[in-house]
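Keep in mind it's a predicted model, so treat the numbers as computed, not measured.
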Amino acid sequence: GLGRASRELFKQEGEQLSRLAQTANDHRDDVEAEIAVIRKMRDLGRVRDALDRLRTGEPRFASVVVWQTEYAVTLVYLNDRDGAIARYRLALGLAPNDPQLMVELAMLLLERRQGDDLDQAWDLAERASRLAPGAPSVLVCRAELLAQRGDLHGAIAAYQEAIRALPPDSEQRRVLEQRARALGR
């Protein structure tokens, strides 16, 4: 029964993917239609196919921020952190005042920790903080960087501020509360 349910679900999702792909093929310059296909491929676990589609579409959409961001996300799925960092840098070059891009790049640099990655991550977090001081993602980024620097009290305070900005029943809030508690030990 489980196998049959899985096949049926994949059939339905596959049909939706086919419709999305047809729409993207019919509207070759519609980046959002192309992104919808890529996201659906990733949702279905077809990450390599999504990467192939990104490579194919690169000549048309290289100068589009959302394209570079989705390319980076796909590379993260494939555990290509260096490639994702390069793509986030391209996206940030296209949208230099986007605090969310700054945070996403900073978090990858924090994870990689090569050379001056931590200094770059800190600079990005500071810029993002000036642009979006109360944004939960910015606060979480700062918290992680503060924890990395050994400022656990500052990290906990940043987490608590991010937690206050989230709905009381959100899963993200629960995760951040656990992280703040773990730092307090």
Which heavy atom of [X] sits nearest to which heavy atom of [Y], and what is that distance?
X      : Y      : value
Arg113 : Asp117 : N-OD2, 3.5 Å
Val103 : Ser137 : CG1-O, 3.6 Å
Met102 : Leu131 : CE-CD1, 3.4 Å
Ala24  : Val37  : CB-CG2, 3.8 Å
Ala91  : Thr69  : CB-OG1, 3.9 Å
Asp151 : Gly154 : OD1-N, 2.8 Å

Is there a chain of hydrophobic side chains (I, L, V, M, F, W, Y, each step under 4.5 Å between heavy atoms) that links [X] to [Y]?
X      : Y     : answer
Val66  : Val76 : yes
Leu101 : Val73 : yes
Val31  : Val65 : yes
Leu54  : Leu75 : yes
Leu20  : Leu51 : no

Let me confirm one number: the [atom1]-[atom2] distance from [X] to [Y], rounded to the nearest 0.5 Å.
X      : Y      : atom1 : atom2 : value
Gln114 : Ile85  : CD    : CD1   : 7.5 Å
Phe61  : Glu32  : CZ    : CD    : 9.5 Å
Gln22  : Arg19  : CD    : CZ    : 11.5 Å
Asp119 : Leu109 : CG    : CG    : 10.5 Å
Gln16  : Lys40  : CD    : NZ    : 4.0 Å
Asn25  : Asp30  : CG    : CG    : 11.5 Å

Beyond-backbone contact of [X] with [Y], side-chain heavy atoms, under 4.5 angstrom:
X      : Y      : result
Arg181 : Ile156 : no
Gln148 : Leu110 : yes
Thr74  : Ile38  : yes

Would you say that more than 12 heavy atoms from the other residues, nucleotides or ligands in this model lie under 6.0 Å from the CG of Asn79, or not?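 Check fails, neighbour count at 12 or below.
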May I have the list of side-chain donor-acceptor pairs in residues 159-167 shorter than 3.5 Å, sequence neighbours left out?
from, atom 1, to, atom 2, distance (Å)
Tyr159, OH, Glu144, OE2, 2.0
Tyr159, OH, Arg179, NE, 3.4

Arg174 vs Glu171, test: salt bridge (charged side-chain N to carboxylate O under 4.0 Å, His left out). Steps then yes/no. CA-CA 5 Å; Arg174 187 186 67 72; Glu171 179 64 19; 2.3 Å; yes
Between Arg60 and Asp29, is there a side-chain N and carboxylate O pair less than 4.0 Å apart? no
Between Glu58 and Arg87 (salt bridge meaning N to carboxylate O under 4.0 Å), is one present in this structure?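 Looking at Glu58 and Arg87, the cut-off is met.
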Check: Arg89/Gln68 side-chain N/O donor and acceptor closer than 3.5 Å: no
Apply salt bridge (charged side-chain N to carboxylate O under 4.0 Å, His left out) to residues Arg28 and Glu34 and explain how you reach the verdict. CA-CA 8 Å; Arg28 304 264 314 140; Glu34 194 65 37; 5.3 Å; no
Run the side-chain contact (heavy atoms from CB on, under 4.5 Å) test on Gln120 and Asp123 for me, step by step, so that the C-alpha distance in whole Å, both residues' side-chain angles and the decisive distance to 0.1 Å come before the verdict. CA-CA 5 Å; Gln120 288 180 50; Asp123 291 342; 5.6 Å; no
Both conditions, 6.0 Å and 45 degrees, for the charged tip of Arg149 above the ring of Trp122: are they met here?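 Pair Arg149/Trp122 counts as cation-pi.
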